[in-house]
Amino acid sequence: MADTPPKNHLAARDVVIAAYGETRIERRSGKTPYEFAALAFEEIMSKTGLAPADIDGFATNVPHSESINQYYTSYLCDYLGVTPRWMQISDHGGGSALAGVSRAAMAIQAGMCEVAMVLCADTPSSSWRAANGGFRVAFWDPTGIQGPPGGFGLLMNRYMAQYDFKPEALGKLAVAQRDGAVLNDNAYEKLRVPITIEDYMNSRVISSPVRLLDCVMYADGAAGVLLTSTERARKMSAENLVFPSAYSEIVNFNGREAQPDITETGFSVVGPEVLAKAGMTPSDIRMFQPYDDFLIAEMLQLEQIGWCGRGEGSDFLLETDVSYRGILPINTGGGQISAGQIGLASGMTNLVEAVRQMTGQAGARQVSDPRNALVTGIGIIPYGRNWLVSNALTLEQ
Amino acid sequence: MTEQTKSKPVPDISETTRPFWDGIKSNEFRVQFDPSTGAPQFYPRSTSLATGRTDLEWRAVSGKGTVYTYSSTLVPIPGFEDDVPYILAMIDLEEGVRILANMVNVTEDEIEIGMPVRVAFEQRAEDVTYFCFEPDS
């Protein structure tokens, strides 16, 4: 790779997020991704006054519940009555939502389409139809590893050995997110109950040291955003425009190293890079909506994007008000951990909350002065390392 | 304890990984090395991560290393119910690669990061040997 950082394709503010839609998050709904997608789609159509015929770009994620269907994206367009001239499916795991937004912006800039829907849906708690091959069939599954909690147990234990880790710091983050979920009508109903730091500390161990309240819970739902050219948005008289202002991604970070530091993530690259592209520093960020499959992943992001030094995440969290009232609000709608993880559509949960906040529609949990946000995505646990996809998007008013 | 309803998974073996599993069957741990740089890599695959060529060489290694990190599993996946709690570890081998494996003959109270370990072998099914690690004392 060249020494100069990648170009910021979003610098011109020529593409805008004009609307968002999100369903309630449910568990074991018995519904399909198509059915949830239709609800989020309807909300966006209703807010913008558009009809399915107006959508000429379409991007989505690979859902766990449809991942053995090789024609999913086309079927979804068919289901919704959309006739795209540009179509994309992203298999960036939890980074798929932001990857879709970045690519939809590029497609609009390139003239491939003008009105692009990035619509993510999944129903893993009702239908799990995934089969992962690769190294897993010989070197992963036969070990009995407990999926993501096992992978993050290994990561978190190493973090605790290398650094001064204070579990109450993650407890504080869990409580702040849960308080957001209580105020979020779309969060999974059973999670809309306040918790305490003691509840976090006392929750049962799944794969040591990972506890139940460190983890997300699989759920069903959909969420999406509509992107269009700034010019077209102004003609649509959309009122609250949110500009995606910088994006960076990295896949297979440190993938050629045989014994890398498992606590070092792709955010050590894309975090500082996306902020440099946007001309911002961490202290300029008004809210952080990080991908949160596990609480420890958020601590690693805080350190490696640059709010604090490596190993200083515990003290940073204990010293900082990360509630929606605070100086650095984090996952104000509960994040995935307290709203429910809608499978591989889940990165859209963090993004939609940022757009909702930035357009002043967050109700009782509204952040004051929501002029910008940093949203991230994380995808896929590799063999013996950290995670495979790290991506980050800044949004500005 | 949950009733064990399923047997433990056995590895799918491909053309590229067959020499590794042949080694495991004869209680020998083999690792791929790039012939030009001498760099080792694991898990087994066709491509040299250094050069992109498919000319990797297999060598038997010591099977000795240290615990890089570990996690004790209290909620098992199907087939492992009778083993709870079972310990997963990442082992950094002396020869410079990292392995994911079960730890045997050690409890969570005894295991620690940096502990010296050596490879061991378990009969997973008739004619199927798998690898694990144990303390090297």
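Chain naming here is simple, since letters A, B, ... match the order of the sequence lines and numbering starts at 1 in each.
You'll find the side chain of A:Ile145 stays beyond 4.5 Å of the side chain of B:Ile77, heavy atoms only. Side-chain contact between A:Thr143 and B:Tyr130 is present, with heavy atoms from C-beta onward closer than 4.5 Å.
Between A:Tyr383 and B:Phe42, the ring-plane angle classifies as tilted under the 30° and 60° cut-offs. Under the 30°/60° scheme for interplanar angles, the aromatic rings of A:Phe139 and B:Trp21 are found to lie parallel.
One distance of note links CZ of A:Phe135 with CG of B:Asp12; it measures 14.0 Å at 0.5 Å rounding. Taking OG of A:Ser207 as the start and CD1 of B:Ile87 as the end, the distance is 11.5 Å to the nearest 0.5 Å. Interatomic distance, CE of B:Met90 versus CZ of A:Arg158, reported as 10.5 Å (0.5 Å rounding).
Between the side chain of A:Gln146 and the main chain of B:Thr73, no donor-acceptor pair closer than 3.5 Å is present. Side-chain atoms of A:Asn157 do not come within 3.5 Å of backbone N or O of B:Ser71 as any donor-acceptor pair. Between the side chain of B:Arg98 and the backbone N or O of A:Gly384, at least one donor-acceptor pair lies under 3.5 Å.
For B:Thr17, the part lying under 4.5 angstrom from a heavy atom of chain A is the side chain only. For chain B, no part of A:Arg136 is nearby; none of its heavy atoms comes within less than 4.5 Å.
Between B:Val75 and the choices A:Val205, A:Leu212, A:Ile206, the side-chain contact (heavy atoms from CB on, under 4.5 Å) rule is met once, by A:Ile206.
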